[in-house]
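Data first, discussion second: the structure below is written as structure tokens.
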Amino acid sequence: MLRVAWSSRHRYATPAMHGVYETKGSCDLSIEAALTLLPEEMMRRSGALFYSGPSAFAGPRSLYILGLNPGGSPTKQANETLRRDIAEWKALMKPWSAYLDESWQGRPPGTHGMQPRMRHMFDRLDLDLREVPASNVVFARSIGEATLAEKVLLLTRCWPVHEAVISELGVRTILCLGSTAGRWVRDALAANQFLDSFSETNGRRWTSEAHIAPDGRAVVTVTHPGRADWRNPAADPTPLVRAMLNRAV
């Protein structure tokens, strides 16, 4: 079994978020420790933890991908609990990415829905998705955002894991898939200063934006690849992401 050597050298303070979080005193918390603090109720829910294997969480890493939450049916996939997913993740023996190596809806691995669009962006960035840490702001599964009950409560339970990842790996850029994930992460990191944007050159002109936090970390909120086909040059936010990664170097 591949084991990741987590350290507990970093300290963090939980930020205010949607009026739910209050700033707490600094404390040492590794990724592994943050996982042990997930409530039992969360562990029993249908869900998923990380979308990259353990090797992607051995730092340093410049980029962290965060979607909103795992899709699917929490009823039909009730046995796919977060506890089971964490155990299977820890047992992974080689680099892995859900965007490349997982079969979605019975399709060949890496070919369904947003998977080819993620592959397109990261091929253009010359980054291996198997070596980029990836997750969702909320670990619980739902059919869609509208059916994700108790979103803010779930976020408060999941955020310490993300905060540990960001601190532990020295992440400087967080790529958020969709506006809800982006808004939550910007709130969490106080990334309120606008940096740059990309507007699609088509009729709808959806916009992706980049903001900076006081500590210099960038949050890039892009159109969700489940709705926007990044393979179309008119809708591809990759240049914005590349600019933010180059800025962080």
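- Two residues are said to be in side-chain contact when any heavy atoms from C-beta on lie closer than 4.5 Å; Cys158 and Met42 meet this criterion.
- Arg119 places a side-chain N or O within donor-acceptor distance of the main-chain N or O of Gly110, the cut-off being under 3.5 Å.
- When side chains are defined from C-beta on, Ile86 counts as touching Leu38, because their heavy atoms get closer than 4.5 Å.
- Put simply, the side chain of Trp104 never gets that close to the backbone of Tyr99: no donor and acceptor are under 3.5 Å apart.
- Under a 3.5 Å cut-off, the side chain of Arg217 and the backbone N or O of Thr173 do not form any donor-acceptor pair.
- Between Arg117 and Asp229 there is a side-chain heavy-atom pair separated by less than 4.5 Å.
- At distances below 3.5 Å, not a single donor-acceptor pair connects side-chain atoms of Arg130 with backbone N or O atoms of Asp101.
- Rounding to the nearest 0.5 Å places OG1 of Thr180 at 11.0 Å from CG of Leu155.
- Looking only at side-chain heavy atoms (C-beta outward), Tyr51 and Asn136 come within less than 4.5 Å of each other.
- Each of Leu175, Thr238, Val132 was checked for a side-chain contact (heavy atoms from CB on, under 4.5 Å) with Leu125, and the lone residue meeting it is Thr238.
- Between Val222 and Leu177, the closest side-chain pair of non-hydrogen atoms falls below 4.5 Å.
- Contact check on Arg45 versus Glu41 returns a salt bridge, with a Lys/Arg side-chain nitrogen under 4.0 Å from an Asp/Glu carboxylate oxygen.
- Under the 4.5 Å side-chain criterion, counting only non-hydrogen atoms from C-beta, Leu49 is in contact with Leu82.
- Taking 4.5 Å as the limit, every side-chain heavy atom of Asn69 sits out of range of all side-chain heavy atoms of Leu154.
- Panel note: side chain Arg231, backbone His120; no donor-acceptor pair is recorded below 3.5 Å.
- The backbone N or O of Glu40 sits nowhere less than 3.5 Å from a side-chain atom of Arg83 that would complete a donor-acceptor pair.
- Side chain of Gln115 to backbone of Glu102: a donor-acceptor contact under 3.5 angstrom is found.
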**Item:** Steps toward side-chain contact (heavy atoms from CB on, under 4.5 Å) verdict (Phe122, Leu100)
**Value:** CA-CA 11 Å; Phe122 281 82; Leu100 300 177; over 6 Å; no
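- Looking only at distances, no side-chain donor or acceptor of Glu200 sits under 3.5 Å from a matching main-chain atom of Ser208.
- Between Phe50 and Phe139, the two ring planes are perpendicular [angle over 60°; tilted spans 30° to 60°].
- Asp196 contributes no side-chain N or O that, together with a main-chain N or O of Ala210, makes up a donor-acceptor pair within less than 3.5 Å.
- In this structure, Arg124 and Trp230 have side chains that are not in contact, with every pair of non-hydrogen atoms separated by 4.5 Å or more.
- Atom CZ of Arg141 and atom NZ of Lys76 lie 13.0 Å apart (nearest 0.5 Å).
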